[in-house]
Amino acid sequence: MIAHQDASSSFINSLVWVPSFSFMPILCLPWPRAPHAWTKSKKTLAKPNVRNIVVVDGVRTAFLQSGTSTFKSGLCKCKSTSVPKEVVDYIIFGTVIQEVKTSNVAREAALGAGFSDKTPAHTVTMACISANQAMTTGKDTVTKDNGIRPSSLEQMAKLKPAFIKPYGTVTAANSSFLTDGASAMLIMAEEKALAMGYKPKAYLRDFVYVSQDPKDQLLLGPTYATPKVLEKAGLTMNDIDVYEFHEAFSGQILANFKAMDSDWFAQNYMGRKTKVGAPPLEKFNNWGGSLSLGHPFGATGCRLVMAAANRLRKGGGQYGLVAACAAGGQGHAMIVEAYPK
Ligand SMILES: *[C@@H]1O[C@H](CO)[C@@H](O)[C@H](O)[C@H]1NC(C)=O
């Protein structure tokens, strides 16, 4: 869940606490390929007269297999920024299934977390990209994730198809499991963050939302959103150092890669002249993705952005591309730029 990046919103002047993250050191694969293989671009996406918005930090609860455990204090325990609660101007949370007794969970969470009752809060919902929506509208992990399921190829091959029996190819091994979890992010105008003595982690740059036919292109959001966000930012795939895509199913990621790498698809479905190309695997979801870590629908967006930001910092890259699909045939992509060290 997160906040507006729209320069016209007034609260952009200071802080937005965007609840919905953290990365899993546990699952981190060794940092792949030498960073020197990356194209180092010199330019930045800063625009004249547009305020730079930075991610100060993000946290998330553990991601748990749905219903296996209850969160006691969750995000409140994560002490990462110790931002004074009274300086937060606005709070936005993403959620997916609204609980019927709670009309505005952002407000409940804010009051529960001890924020000032003078800080307004609103809730947004956009299926699996609710957190992205919360981010664009406005680390310490408490316990260990329990959804990571070490397995072997032999074990996985024995699994029964989840949907279409007996011929389907989607199994528990390559679907994101039903997950309980939450994440939060602190977003501020750059000058405010610096004035308060924070060291921002990344800039949130251009973003897009797309939607297409939910019948046969349900989860192809990243395919549609990627070329658009690159164009908006004036970047190409070669400029991107880290990719963080939400993985609903491995088949969905493979379908996106195929579509992204097809001139035919670009011309016949997207009204584009040429394909954008598929992301290189060595830059793709290197620290685990929704398939291994889990996917709490309302929280994944912040996890993706924080993973991109942390990977950029670790590997010395400059630009990250975050993309996700969502139920209803919607999709999202955003460019994350590393904050200069
Ligand atoms: C999903 O995993 C099963 C084995 O559990 C495998 O047979 C199938 O090919 C995989 N599908 C994709 C799209 O990766």
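In this text the structure is predicted, and so the values were computed from the model without any measurement. Counting starts at 1 for both ligands and their atoms, in listed order.
Among protein heavy atoms, atom 2 (O) of ligand 1 sits closest to Asn174 ND2, 2.2 Å. Among protein heavy atoms, the minimum distance from atom 14 (O) of ligand 1 is reached at Ser250 OG, 2.9 Å. Nearest protein heavy-atom contact of atom 8 (C) of ligand 1 is Thr169 O, 3.3 Å.
Listed by number with element, the atoms of ligand 1 under 4.0 angstrom from any heavy atom of Thr171 are 1 (C), 2 (O), 3 (C), 4 (C), 5 (O). With ligand atoms numbered from 1 in the order given, ligand 1 contributes 13 (C) to contacts under 4.0 Å with heavy atoms of Gly251.
In terms of polar-atom proximity, defined here as any N/O pair under 3.5 Å, Met156 does make such a contact with ligand 1.
The number of heavy-atom neighbours closer than 6.0 Å to NZ of Lys258, taken from other residues, nucleotides and ligands shown, is 12 or below. Other residues, nucleotides and ligands place more than 12 heavy atoms under 6.0 Å from the CZ atom of Phe245.
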Does the pair Phe284 and Phe257 meet the rule for a ring pair (Phe, Tyr, Trp, His ring centres under 6.0 Å), with working shown? CA-CA 11 Å; Phe284 191 83; Phe257 279 17; 4.9 Å; yes
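The pair Lys118-Glu86 fails the salt-bridge criterion, with no side-chain N (NZ, NE, NH1 or NH2) lying under 4.0 Å from an Asp/Glu carboxylate O.
Taking the centre and axis of the six-membered ring of Phe207, the NZ or CZ atom of Lys232 falls inside the cone set by 45° and 6.0 Å.
The shortest non-hydrogen separation linking Met334 to Val305 is CE-CG2, 3.6 Å.
Checking atom 5 (O) of ligand 1 against the protein gives a heavy-atom contact under 4.0 Å.
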